[in-house]
2 protein chains.
Amino acid sequence: MRDSEKMIVRSLPLFADMAEDHLDEMLLGSFLQRFPATVVLFSESDHTDFLHVLVDGQVELYASANNREGTMTLIKPVATFVLASALTDGVYQMSARTLESSQILMIPAENVRTAMKKDRGFAQKSVLELAACYHGVVRAYKNIKLRTAVERLANYILVQNRRQGDTGVIKLPIEKRTLASMLGMTPENLSRAFATLKPYGIKVDGAEVRLEKPEDLETLAKPSALIDTH
Amino acid sequence: MRDSEKMIVRSLPLFADMAEDHLDEMLLGSFLQRFPATVVLFSESDHTDFLHVLVDGQVELYASANNREGTMTLIKPVATFVLASALTDGVYQMSARTLESSQILMIPAENVRTAMKKDRGFAQKSVLELAACYHGVVRAYKNIKLRTAVERLANYILVQNRRQGDTGVIKLPIEKRTLASMLGMTPENLSRAFATLKPYGIKVDGAEVRLEKPEDLETLAKPSALIDTH
DNA sequence: CGGTCGGTTGAAGCTAATCAATTAGAGTGG
DNA sequence: CCACTCTAATTGATTAGCTTCAACCGACCG
């Protein structure tokens, strides 16, 4: 464990208040590893051996049942994932794969649980982190339960536009098929959903999406602070 | 705050390890209240003033968007709800209404946050509770994203059968329209879903559901430990 | 240059929602 | 005890939303 890696961990709010010796102890046995793209990191029914910190790259958390598969969420650096599973010493609950070449710091789950018991500051922050994760899934759940596919796409575009500086031109950060899976539809249906949004001022050229009539799109999307804000 | 009410709180794992004085302190300003059926307790965009403990009755957490409404989860006694919102000092994120006459202990959210900072045992248990809530929503999210309506119903029946003692005769604990909303479909579609399951040995008479060929239903339902076990 | 893969488009079919009408059941009051 | 009422539940007909299957396009790459 190098000092630079320790600094990365320290920079995350989750570990910001942790006592120095507890942090050092937790990081014993941790290692930073680089994975190529499209590598499966773990499967949902595996026992949770590590808390993961995505340092660089991009990771998809997905789930399978009945022969079907769906994206649960996407992880962007720098962020931890599977904290809840690491703390409860159970299985992962979701599978993970890299979407691109990624650098991941793996911290033994056992160490994380020990740190949680010893370190008040870390316990406090864990509570906040888990509450945030919880609300994140609640939002995703509402999104899929209360909106149609076209509405989900419209809201996704509005959120991306805001995130990318309200320029009216956004660059899709992921492949369309991944976006489709995240929005809970087939790639074919995503294509058609984009076409449906044409009258609302949406123009698509590869990974570039132009948003020419944001107000029109909003009337269709009916964005909700409790689903789209984070 | 009576002693009997304190005992109820103490009986919950979440508060089991809490120091006596911290518990007393937290419960200052708490009150036990009885609500009639179908009363809205709070709306999703309201600020979270109280952590709720359902002592008796039944509560539905639901969400609204676009003129649509959907059940998020059902709370049965004795259990807390909206812990995540109480701890993060934000809005509720979900609305709540009583399904029947219910007794609810309301603990000022401010007190809960104070207790979290002061009491290690409570912080630890909060982490476990939030992790469990998180995995609960993840399961619900998988359920709706990876299964059809009929499959969700089939799995619901299998879970209820197991919970009610594997007798092959189950009593629906909620109205069918509420069940429909929880399973993410319309009441009409639930009726038809039950009819679809007839060839799989399902017979419905009011709130009573008979399960005559559990193995057949399982082949259709394809239950998954990671969605249906809790 | 051919091959692979992501994306698009078309046609058909299935799942679920909507609209409308009817039935069943629980509770109420005479 | 029996109409009366209100609501839940069911059933039928139709429509909307989405998936599936198939063909095709086009970019990137060996």
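Letters go in sequence order (proteins before strands), and every chain restarts at 1.
The side chain to side chain contact (heavy atoms under 4.5 Å, CB included) test with A/I227 is passed by exactly one of A/K142, A/R152, A/K222: A/K142.
Across all their heavy atoms, A/S181 and A/T71 have their closest contact at OG-OG1, 2.7 Å.
When the C1' atom of C/dC14 is taken as reference, atom CG of A/N189 falls 14 Å away, rounded to whole Å. Distance B/I144 CD1 to C/dA16 P: 10 Å, rounded to the nearest Å. Regarding A/F194, its CZ atom lies at a distance of 15 Å from the P atom of D/dC18, rounded to whole Å. Rounded to whole Å, atom P of C/dA16 lies 8 Å from atom CD of B/E151. Rounding to whole angstrom units, CG of residue B/L183 and C1' of C/dA17 are separated by 16 Å. Rounded to whole Å, atom P of D/dA9 lies 13 Å from atom CG of B/D205. With rounding to whole Å, A/L190 atom CG is found 16 Å from D/dT20 atom C1'. Separating the CG atom of A/L146 from the P atom of C/dA17 is a distance of 12 Å, rounded to the nearest angstrom.
Using modelled atom types, one finds no donor on one side chain facing an acceptor on the other under 3.5 Å when comparing A/T38 with A/R97.
Looking at heavy-atom distances under 4.0 Å, B/T186 makes contact with a base. Among the protein residues, A/E175 comes within range of the sugar-phosphate backbone only, with heavy atoms under 4.0 Å from sugar or phosphate atoms but none that close to a base.
When distances run from any side-chain atom of B/E188 to the nucleotides C/dA16, C/dT9, D/dT10, the shortest one goes to D/dT10. The side chain of B/R192 has C/dT18 as its nearest neighbour among C/dG10, C/dT18, D/dC18.
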field: Stepwise ring-ring contact (aromatic ring centres under 6.0 Å, His included) check, B/F31 with B/F50
entry: CA-CA 10 Å; B/F31 52 95; B/F50 298 99; 5.5 Å; yes
